[in-house]
Amino acid sequence: MKKILVTGGAGYIGSACSEYLLDMGYDVTVFDALITGHRDAVDPRARFIEGNLADRELIMDVCRQGSFDAIMHFAAFSLVGESMKDPGKYFGNNLANGINLADAAIAGNVKTFVFSSTAATFGQPEKTPISEDDQQIPINPYGESKLCFEKVLKWYSRIYGMKYAALRYFNAAGATALHGEDHRPESHLIPIILETIRGKREKLMLFGDDYDTPDGSCIRDYIHILDLAQAHELALSAPESGHYNLGTGNGLSVFEIIKAAEEVTGKKVNFEIAPRRPGDPARLIACSDKARRMLNWKPRYESAHAIIESAWKWQLKYPEGYAK
Ligand code: UDP
């Protein structure tokens, strides 16, 4: 049985990925500082270590003693807007603390490293859909911090021989039966729409209807967290290091997501047009042919309706999210 260290396993994507790995029979250790993650999101079948990657000695000890076959690294800060106000927070955690983890991986003789990267490494894309080799010019510190860490992994792989996969998620969305999206404060489109429908918030502020897109709102590629989890598992057995864009390839505008949410729930979304949000590109759509070809990845949730329905079920089951 393979032993996997999952950093950020108490967070949104890390918790769903842990659940997926445990269901497949992997041995999972979650390492999480519980700054944005939730203790209740840690799968009870996993070992749990509460710790911060800033604690270099701790993560060194964990990796030296853990005999891990692989690390999946989700622990990071991930808000574009916040990164524009506090870049040091992003370079400190996503880059400097990431280097502690990479050094610990080498010290612990970990053979495979799967990194949670992002479409934000591309900035304003030169074309859509975006393929792996397109130029990466981030337009915010969040994207830059993730791109820097991709480069760290490239050099660690060359110098120490550690195999890595950088998985660039587009818009992670949806829920499993047990794990869903609970950011505090919430800033993501689909949970905000569903909270508005439930009356938990008064309205959705729709950030910009004057983009150069058919209906004027931003277009994104929403991908279910279980499809992301599947890609992580497949990346463990990739024969060589690589970068992979993960999305469905279907671009949907904010207005289209609102419409789909209304169809899934049978209820109207109250929204107001607001100014553009700084750092938001008009259009981000993935070309995921490489992951389909090289990792044999097949996303199962191709429609926005299926993704939104899973998130809706989770919100109805956990109306207040995870316990504090
Ligand atoms: N969005 C919005 N109102 C909100 C949250 C998001 O209009 O309250 C828009 C946002 O401008 C973007 C899309 O929804 O075009 C997805 O945003 P989200 O924060 O979910 O993900 P991101 O694209 O930033 O990773």
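Just follow the structure's listing: the first ligand is 1, and inside any ligand the first atom is 1.
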- Query: With a cut-off of 4.0 Å, which atoms of ligand 1 are near a heavy atom of Cys218?
  - Reply: 15 (O)
- Query: For ligand 1, which atoms have a heavy atom of His188 less than 4.0 angstrom away?
  - Reply: 18 (P), 19 (O), 20 (O), 21 (O)
- Ignoring hydrogens and angles, state whether a donor on the side chain of Thr36 or His183 is under 3.5 Å from an acceptor on the partner side chain. no
- Task: Check the side chains of Glu144 and Tyr90 for a donor-acceptor pair under 3.5 angstrom, ignoring hydrogens and angles.
- Result: no
- Could you label the plane-to-plane angle of the Tyr160 and Tyr156 rings as parallel, tilted or perpendicular, counting under 30° as parallel and over 60° as perpendicular? perpendicular
Heavy atoms only, cut-off 4.0 Å: how does [X] contact ligand 1, side chain, backbone, both, or neither?
| X | value |
| --- | --- |
| Ser187 | backbone |
| Arg276 | neither |
| Val254 | side chain |

So which protein heavy atom does [atom] come closest to, and at what separation?
| atom | answer |
| --- | --- |
| atom 17 (O) of ligand 1 | Arg277 NH2, 3.4 Å |
| atom 13 (C) of ligand 1 | Tyr222 OH, 3.8 Å |
| atom 20 (O) of ligand 1 | Leu189 N, 2.8 Å |

- Task: Would you name the heavy atoms of Thr128 and Ile285 that are closest together and state the gap between them?
- Result: CG2-N, 4.3 Å
- Can you establish whether the number of heavy atoms outside Lys200 located under 6.0 Å from its atom NZ is more than 12? yes
